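Since the structure comes first, as structure tokens, the remarks are kept for the end.
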Amino acid sequence: HTVSDNLSVEECTVDALKGSVSLGEPNNLTGLAKTWRECEHRTCGYDQDDSVNEGVILSEKLQPVDYEYREDIQWSKFPEILGSGSFGDVYKVKDTTTGFQCAAKKIHVSRFRAEELTTCTGLTVPQVVPVYGAVKEGHWITIFMKLLEGGSVGQLIQQRGYLPEDLTLHYMSQVLAGLEHLHVHNILHGDVKADNILLSGDGNQVFLCDFGHSAHLSPDHLGNSLVTGDYTPGTETHMAPEIVMGKQCNSKVDIWSSCCMMLHMLNGCHPWTRYHSHPFCLKIAREPPPVREIPPCCNPFTAEAIREGLVKDPVKRATAAELTEKVNLALQKVGGLRSPWKGAYQEPR
Ligand SMILES: CN1C=C[C@@](O)(C#Cc2ccnc(-n3nc(C(N)=O)c4cc(F)ccc43)c2)C1=O
């Protein structure tokens, strides 16, 4: 492919990918994904009718045929919805040629953010759901990913009421390891919560998912304002004070959210909801951190870890690495992981 004078190599590569589905590399997919939202706003010189089918497949377990990968032809959905992510539903799907099953999130192009792919594709983070590819068909974008048979921690809390302290610490330790990887790569997840933590079939391993609210941070660590542009904040009850106050945000927002998730796991309900009514963002800005919601029966080391993550000033708030140490010490103090992940229902506290 000759590089024309006014196009970069990357633009030429993306140009060659338009209009067809091919097997490729993560950077091919992220390059193409960046054109998907733009096409919504302006004519991109490509035929944008409903029949356009383009994308990049990263796993040989998914087989495009004649450069096409279309729903109900080369792949199909199982009827039941696995879950609802930011801006789209998630299904179990099956490749027609190979019979391989995985999960897929369908998003309308008007609600798609390229960051959902650019932040997590090509990253080798053990605690992030692997991406198998993404295709655009008409006005719908489908992202294929590893199927996690254990479901989400949000579903587990609904089944059990609330989680035992040792299991909460076990999951939290892995979530923080994943966040540490993301933060080192200047990536902010933006919606850390139990619904976005998936479990392996044995309930032992966790995987972060749903990068629909993620952002690339400027390496100067000064943070970005997350309330501008096309950024949509994550879950209100888990929102850090600096977000609701429209201040500069950085990776510390994920630390605040992860400790709100810890309270959700330990209590069986989201923080703020037992003591306040909507809109919670006003209370988050004005009230002290919700440390009074730490269950009194918690080990002092667990309580200390949560307090370190719920400091309102992001500068003084713990980093993922610092909080990992506190959580691992607390897990040791409670005697390590002993509770089974499936157990009797306990009425939320
Ligand atoms: C890597 N990547 C690509 C798209 C992504 O932004 C997402 C997502 C998302 C949102 C909500 N829920 C699920 N979700 N996925 C599964 C699964 N993979 O098995 C799943 C299983 C459930 F039981 C419930 C929700 C589920 C996945 C993302 O992170």
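Whatever order the structure lists ligands and atoms in, that order sets their numbers, starting from 1. None of these values were measured; they are calculated from a predicted model. Worth knowing before you read on, the calculation uses all heavy atoms, side chains too, and leaves out hydrogens, waters and symmetry mates.
Relative ring orientation between His108 and Trp140 is described as perpendicular, the plane-to-plane angle rising above 60° on a 0-90° scale split at 30° and 60°.
Within the 4.0 Å heavy-atom criterion, both parts of Asp210, backbone and side chain, lie near ligand 1. Heavy atoms from both the backbone and the side chain of Leu147 come within less than 4.0 Å of ligand 1. The part of Lys146 lying near ligand 1 is the backbone, judged by heavy-atom distances below 4.0 Å. Contacts of Leu117 with ligand 1, taken as heavy-atom pairs under 4.0 Å, are absent altogether.
Under 3.5 Å, the side chains of Glu165 and Thr302 contain a donor-acceptor pair of N or O atoms. One side chain, Glu54 or Trp36, offers a donor N or O that lies under 3.5 Å from an acceptor on the other. Judged purely by distance below 3.5 Å, without hydrogens or angles, the side chains of Tyr67 and Asn53 never pair a donor atom with an acceptor atom. Remark: the Lys283 side chain and the Thr237 side chain contain no N/O donor-acceptor pair separated by less than 3.5 Å.
Nearest protein heavy-atom contact of atom 6 (O) of ligand 1 is Glu116 OE2, 2.5 Å.
If you chain together hydrophobic residues whose side chains sit under 4.5 Å apart, Leu123 and Leu198 never meet in one group.
Polar contact with ligand 1: present for Leu148 (N/O pair, distance under 3.5 Å). Not one N or O of Pro130 is nearer than 3.5 Å to an N or O of ligand 1, by distance alone. On a distance-only criterion, Asp195 and ligand 1 share no N/O pair closer than 3.5 Å.
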